[in-house]
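As structure tokens, the structure follows; a few thoughts come after it.
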Amino acid sequence: MPLDATRNSLVLPMLGLLVEQPAHAYDLTRRLHERYAQVSVTRSTVTSLLKALDQAGLLSARPPERSGNRPPRTTYELTEAGVAEFRQRAEAGLRDTAVASLDFVMAVAYVAILPADLAASVLEERADRLDHELAALRAEPHGVLEVHMLEVAYWRAVVAAEVAWTRTLVRRIRSHDIDWPGGSPTR
């Protein structure tokens, strides 16, 4: 875990789930497992992150409540600062994360927190950046056997696939092919 717990890559999906509804650590851990099987998460990590996000002012802790025979649990909800941070993280994740990264996948999961026109613009910027990366990958060194450069061909295919998928998503957002909370993109 990073020294600053709020920089952990689990923070974005945790904030996203808390946008949907307040939760305690056990419930949040369960929902993370259910929705994101590819993410490694433990309840102790979620508990630590919840406390760090609370201290950072991004969450507000409700007084602990007991349910049945269970021990009292503290439920957390987003503050206004938490919602703003969530939007910022989603936007940065769409724009700045590495190709084929879990951080990009998590940002895509919460793209609808942004206005549609902003989401489309940010994704278009990403695709443009990746096009430049792809162009740099096309230059092959002379005199090197293809078998020694297979990883470059593989990475070229991965980057090209992400560019194509991202550009298709941008077209779908701009053409109103995807329902967007809060209305359609502006033109």
Side-chain angles (χ1 to χ4, degrees), residues 1-65 67 70-116 118-130 133 155 158-159 161-163 165-166 169 173 180-182:
M1 184 179 314
L3 291 178
D4 177 1
T6 63
R7 298 177 65 70
N8 188 301
S9 62
L10 280 176
V11 170
L12 180 65
M14 286 175 58
L15 293 175
L17 291 175
L18 290 169
V19 161
E20 295 172 10
Q21 70 184 46
H24 52 75
Y26 180 80
D27 180 45
L28 202 53
T29 303
R30 180 187 55 76
R31 289 168 54 206
L32 284 165
H33 279 294
E34 287 174 358
R35 192 166 305 172
Y36 307 112
Q38 72 275 28
V39 175
S40 176
V41 60
T42 64
R43 191 169 65 228
S44 62
T45 299
V46 169
T47 299
S48 296
L49 289 173
L50 286 169
K51 289 176 182 176
L53 294 169
D54 184 30
Q55 289 176 341
L58 303 178
L59 302 180
S60 173
R62 296 179 183 166
E65 294 178 359
S67 176
R70 296 185 184 125
R73 294 188 173 146
T74 302
T75 297
Y76 294 88
E77 59 190 344
L78 284 175
T79 61
E80 286 184 35
V83 173
E85 177 71 13
F86 175 54
R87 283 189 178 110
Q88 183 276 325
R89 282 177 185 253
E91 183 177 340
L94 293 172
R95 179 183 292 119
D96 303 326
T97 54
V99 173
S101 68
L102 188 55
D103 289 334
F104 177 65
V105 173
M106 290 295 103
V108 168
Y110 295 105
V111 66
I113 192 69
L114 302 174
L118 176 60
S121 294
V122 168
L123 287 164
E124 192 166 48
E125 288 173 24
R126 178 184 184 84
D128 291 345
R129 177 178 58 86
L130 295 181
E133 193 172 313
W155 196 244
V158 168
V159 175
E162 188 167 313
V163 168
W165 184 87
T166 302
L169 179 57
I173 293 169
W180 210 267

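In terms of heavy atoms, Pro72 sits closest to Pro64 at CB-CB, 3.9 Å. For the residue pair Ala61 and Thr74, the shortest heavy atom distance occurs at CB-CG2, 3.7 Å. Of all heavy-atom pairs spanning Leu12 and Ala90, the tightest one is CD1-N, 3.8 Å. Taking every heavy atom of both residues into account, Ala25 and Thr47 meet most closely at CB-OG1, 3.3 Å. Taking both residues in full, the closest heavy atoms of Thr166 and Ala127 are given as CG2-CB, 4.1 Å, listed atom of the first, atom of the second, then distance. Among all heavy-atom pairs drawn from Val158 and Ala100, the shortest one is CG1-CB, 3.7 Å.
Under the 4.5 Å side-chain criterion, counting only non-hydrogen atoms from C-beta, Tyr36 is not in contact with Leu102. Proximity of Trp180 to Val111: side-chain heavy atoms (C-beta onward) are separated by under 4.5 Å at one or more points. Counting only heavy atoms from C-beta outward, the side chains of Leu53 and Asn8 never approach each other to under 4.5 Å. Residues Leu50 and Met14 are in side-chain contact: their nearest non-hydrogen atoms beyond the backbone lie under 4.5 Å apart. In this structure the side chain of Met106 never reaches within 4.5 angstrom of the side chain of Arg89, judged on heavy atoms.
Geometric assessment of Arg70 against the ring of Tyr26 yields a negative cation-pi assignment under the 6.0 Å and 45° thresholds.
Atom-to-atom distance recorded for Asp103:CG and Asp96:CG is 11.0 Å, nearest 0.5 angstrom. To the nearest 0.5 angstrom, Ser40 atom OG is 11.0 Å from Leu32 atom CG. To the nearest 0.5 angstrom, Leu58 atom CG is 12.5 Å from Glu80 atom CD. Rounded to the nearest 0.5 Å, atoms OH (Tyr76) and CG (Asp27) are 13.5 Å apart. To the nearest 0.5 Å, atoms CD (Glu124) and CG (Leu94) are separated by 13.5 Å. Note that the CG atom of Leu15 and the CZ atom of Arg87 stand 12.0 Å from one another [nearest 0.5 Å].
Within 6.0 Å of CZ in Arg30 there are more than 12 heavy atoms belonging to other residues, nucleotides or ligands. Atom CD of Glu65 is surrounded by 12 or fewer heavy atoms from other residues, nucleotides or ligands within 6.0 Å.
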task = Could you go through the side chain to side chain contact (heavy atoms under 4.5 Å, CB included) check for Glu85 and Val11 one step at a time?
result = CA-CA 10 Å; Glu85 177 71 13; Val11 170; 5.8 Å; no
task = In sequence, state the C-alpha distance, the side-chain angles, and the governing distance for Lys51 and Asp54, and then conclude on salt bridge (Lys or Arg N to Asp or Glu O under 4.0 Å).
result = CA-CA 5 Å; Lys51 289 176 182 176; Asp54 184 30; over 6 Å; no
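No donor-acceptor pair under 3.5 Å is formed between the side chain of Glu91 and the backbone N or O of Val122. Listed for the Arg126 side chain is a donor-acceptor partner under 3.5 Å among the backbone atoms of Thr97. Counting only distance, with no hydrogens or angles, the side chain of Arg62 and the backbone of Thr75 share no donor-acceptor pair below 3.5 Å. Arg31 places a side-chain N or O within donor-acceptor distance of the main-chain N or O of Leu17, the cut-off being under 3.5 Å. Not one N or O on the side chain of Thr45 forms a donor-acceptor pair closer than 3.5 Å with the backbone of Val41.
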